[in-house]
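Below you'll find the structure, written out as structure tokens, and then a few comments.
The structure presented is a predicted model; accordingly, all values stated were derived computationally and were not measured.
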Amino acid sequence: MTTGSVFGELTLLGLATLRTATIAASTTCAVSILHQSSLKTALTRFPKESEHFASMVQERHERFLTPLTSLQNTEFFGGCSQVFMDLLKDRLEERLFMPGQEIVKEGATNQAIHIISRGKVVCTLGELQ
């Protein structure tokens, strides 16, 4: 995965509670983190945006999909209103991860989506990379 990649959308939407992979930075990475509670708060103010995520969830289930520098440039948030996006953008937590540092750990509970703003990561599923 590289700049613009997103992981954790299923946990953000409450469709999964445990991480299915360990994600570690392979270069210095700037990562934006949006917590589930922030999305839920925003959706209470913008209930129409829920339709966007509901259709995405349905599409992902149908295609069995698994999981770009701003939220607006991601497929996940594409199509949302600018006002909604501005609200979420203000709630992003920016973090920097060094090479080899784990961003999320397989099996850990987490309720946030992670958007890679810069850098590359390696995704490990069990023993597989």
Side-chain angles (χ1 to χ4, degrees):
M1 287 190 266
T2 188
T3 301
S5 296
V6 174
F7 54 92
E9 63 270 34
L10 296 179
T11 58
L12 182 74
L13 295 172
L15 299 174
T17 56
L18 296 179
R19 292 293 183 175
T20 58
T22 297
I23 309 294
S26 58
T27 65
T28 301
C29 291
V31 178
S32 300
I33 301 168
L34 179 68
H35 292 274
Q36 186 182 59
S37 59
S38 296
L39 179 66
K40 284 183 177 181
T41 299
L43 288 173
T44 61
R45 292 182 56 194
F46 296 87
K48 193 165 186 143
E49 302 293 348
S50 294
E51 297 170 15
H52 167 76
F53 296 109
S55 65
M56 180 179 290
V57 167
Q58 181 64 33
E59 180 183 320
R60 294 234 170 172
H61 276 299
E62 290 171 3
R63 293 191 298 158
F64 298 104
L65 290 179
T66 57
L68 279 151
T69 327
S70 71
L71 290 174
Q72 196 104 22
N73 292 333
T74 66
E75 177 186 348
F76 186 74
F77 287 104
C80 291
S81 72
Q82 186 61 50
V83 177
F84 179 76
M85 297 305 296
D86 289 342
L87 177 68
L88 292 182
K89 187 173 78 172
D90 292 341
R91 297 175 183 273
L92 286 173
E93 173 187 329
E94 301 291 337
R95 302 227 359 233
L96 189 66
F97 295 88
M98 302 310 289
Q101 186 178 4
E102 289 181 348
I103 300 169
V104 297
K105 178 97 172 135
E106 183 175 0
T109 59
N110 192 304
Q111 297 179 331
I113 191 171
H114 296 69
I115 301 115
I116 302 168
S117 302
R118 184 177 59 245
K120 295 181 182 179
V121 301
V122 174
C123 178
T124 305
L125 302 169
E127 299 293 321
L128 302 175
Q129 257 194 28

message: Working note: V6 + I113, criterion side-chain contact (heavy atoms from CB on, under 4.5 Å); need CA distance, chi angles, decisive distance, verdict.
response: CA-CA 7 Å; V6 174; I113 191 171; 3.0 Å; yes
query: S81: what forms a side-chain hydrogen bond (donor to acceptor under 3.5 Å, both in side chains) with it, not counting sequence neighbours?
result: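 Testing S81 for side-chain hydrogen bond (donor to acceptor under 3.5 Å, both in side chains), a comparison that skips the adjacent residues, returns E49.
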task: Look at the rings of F7 and H114 and say which category their plane angle falls in: under 30° parallel, 30 to 60° tilted, over 60° perpendicular.
output: parallel
field: L12, V104, I103, I33 screened by side chain to side chain contact (heavy atoms under 4.5 Å, CB included) with N110, the one that passes
entry: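 Passing option: V104.
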field: Reported CD-to-CD distance for the pair E9 and E75, which is rounded to 0.5 angstrom
entry: 9.0 Å
query: In Å, rounded to the nearest 0.5 Å, how long is the span from CD of E106 to CG of L125?
result: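 Interatomic distance, E106 CD to L125 CG, rounded to 0.5 Å: 6.5 Å.
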Does a side-chain heavy-atom distance below 4.5 Å link [X] with [Y]?
{"X": "K120", "Y": "C29", "answer": "no"}
{"X": "T74", "Y": "I115", "answer": "yes"}
{"X": "I116", "Y": "V121", "answer": "yes"}

message: Using the side-chain contact (heavy atoms from CB on, under 4.5 Å) criterion, which residues pair with K105? Sequence neighbours excluded.
response: T22, E102, A108
- prompt: Which residues satisfy the side-chain contact (heavy atoms from CB on, under 4.5 Å) test with R91, sequence neighbours excluded?
  reply: L34, S38, T41, L87
If you look at every heavy atom in [X] and [Y], which pair is closest and at what distance?
{"X": "C80", "Y": "M85", "answer": "CB-SD, 3.5 Å"}
{"X": "T11", "Y": "Q36", "answer": "O-NE2, 3.1 Å"}
{"X": "F77", "Y": "L88", "answer": "CE2-CD1, 3.5 Å"}

Polar side-chain atom of [X] near backbone of [Y] as donor-acceptor pair, under 3.5 Å:
{"X": "H52", "Y": "F76", "result": "yes"}
{"X": "E93", "Y": "S32", "result": "no"}
{"X": "Q101", "Y": "A25", "result": "no"}

